[in-house]
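Here is the structure we will look at.
Predicted, not measured: the structure shown is a model, and the values here were computed from it.
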Amino acid sequence: MRAEVKVFGALVPFFALATALYAWFTDPKEWVGILGLLLTMLFSAFISFYLWVTGRKTDARPEDDLQGEIADLSGDYGHFAPYSWWPLWLGLSVAAVALGLAVGWWLFICAVPFLLVSILGWTFEFFRGAKAV
């Protein structure tokens, strides 16, 4: 996990500098941006620290080995439905629910049933026949 630690660790001084420059150019009158950048810096530090601690407790991954081969990463990545339409419907219904929150409650109320059906459809996609719920 060294690469991830380095990426998030490099973001910490970047956001610290961005916070200082933003505070300098806005004459600390606009606190929302300063606090937002400061919190982004702190969250990057938290993630970097978490990945560092986790990386010390776990074994090295194949991608952490500089002398590793591409074949070292082969293996099972899980079961994925190659021709599933449910993620499309789930994405569209989530977009409609979010749009309903922004535009009007009537759209939110109309979109929630589609969201529930698409979540259930994707969850129980492979439950057929004797395994059906």
Side-chain angles (χ1 to χ4, degrees):
M1 292 194 186
R2 277 187 253 145
E4 292 91 346
V5 172
K6 289 180 183 177
V7 167
F8 283 103
L11 288 176
V12 174
F14 170 76
F15 283 118
L17 179 65
T19 304
L21 288 174
Y22 189 82
W24 173 268
F25 284 112
T26 58
D27 294 327
K29 293 179 184 174
E30 204 278 307
W31 286 98
V32 175
I34 296 170
L35 287 176
L37 286 169
L38 183 67
L39 287 175
T40 304
M41 179 196 70
L42 289 175
F43 291 154
S44 297
F46 290 156
I47 293 171
S48 178
F49 177 72
Y50 170 76
L51 290 174
W52 177 70
V53 169
T54 304
R56 289 184 55 191
K57 292 181 180 181
T58 59
D59 295 333
R61 299 177 303 175
E63 56 264 24
D64 290 332
D65 185 13
L66 295 177
Q67 302 299 324
E69 297 289 331
I70 294 175
D72 293 342
L73 290 173
S74 64
D76 186 26
Y77 287 106
H79 175 71
F80 301 99
Y83 301 108
S84 178
W85 284 87
W86 289 110
L88 172 70
W89 302 123
L90 183 63
L92 290 174
S93 59
V94 165
V97 167
L99 188 65
L101 289 173
V103 173
W105 287 101
W106 63 272
L107 183 59
F108 175 80
I109 292 170
C110 292
V112 166
F114 290 102
L115 178 67
L116 295 175
V117 168
S118 61
I119 288 173
L120 290 174
W122 198 16
T123 303
F124 297 112
E125 182 174 17
F126 293 107
F127 285 72
R128 300 190 191 285
K131 298 179 187 177
V133 176

How long is the straight-line distance from [atom2] of [Y] back to [atom1] of [X], given to the nearest 0.5 Å?
| X | Y | atom1 | atom2 | value |
| --- | --- | --- | --- | --- |
| Trp89 | Ser84 | CH2 | OG | 11.5 Å |
| Lys6 | Leu51 | NZ | CG | 13.5 Å |
| Thr40 | Leu35 | OG1 | CG | 10.5 Å |
| Ile47 | Phe8 | CD1 | CZ | 4.5 Å |

State, to 0.1 Å, how close [X] and [Y] come at their nearest heavy-atom pair, and which atoms those are.
| X | Y | result |
| --- | --- | --- |
| Val12 | Met41 | O-CG, 3.4 Å |
| Val5 | Ser48 | O-OG, 3.4 Å |
| Gly9 | Pro13 | O-CD, 3.0 Å |

Tell me which donor-acceptor pairs under 3.5 Å the side chains of residues 102-123 have, and how far apart each pair is, sequence neighbours excluded?
from, atom 1, to, atom 2, distance (Å)
Ser118, OG, Ser93, OG, 3.1
Ser118, OG, Phe114, O, 3.0
Ser118, OG, Leu115, O, 2.9
Thr123, OG1, Ile119, O, 2.7

Inset, instruction - Just do the side-chain contact (heavy atoms from CB on, under 4.5 Å) check on Leu88 and Trp85 with the steps written out, would you? - result: CA-CA 6 Å; Leu88 172 70; Trp85 284 87; 3.6 Å; yes

Legend entry - Donor-acceptor contact below 3.5 Å, side chain Glu30 vs main chain Gly33: yes

Are [Y] and [X] connected into the same hydrophobic cluster when the rule is that any two of I, L, V, M, F, W, Y join if their side-chain heavy atoms are below 4.5 Å apart?
| X | Y | answer |
| --- | --- | --- |
| Leu42 | Phe15 | yes |
| Trp52 | Phe14 | yes |
| Leu92 | Val97 | yes |
| Leu21 | Ile34 | no |

Inset, instruction - Evaluate the side-chain contact (heavy atoms from CB on, under 4.5 Å) criterion for residues Lys29 and Thr26: first the C-alpha distance (whole Å), next the side-chain angles of each, then the deciding distance (0.1 Å), finally the verdict. - result: CA-CA 6 Å; Lys29 293 179 184 174; Thr26 58; 5.8 Å; no

Legend entry - Phe124 and Phe127 aromatic ring geometry - parallel, tilted or perpendicular at 30°/60° bounds: perpendicular

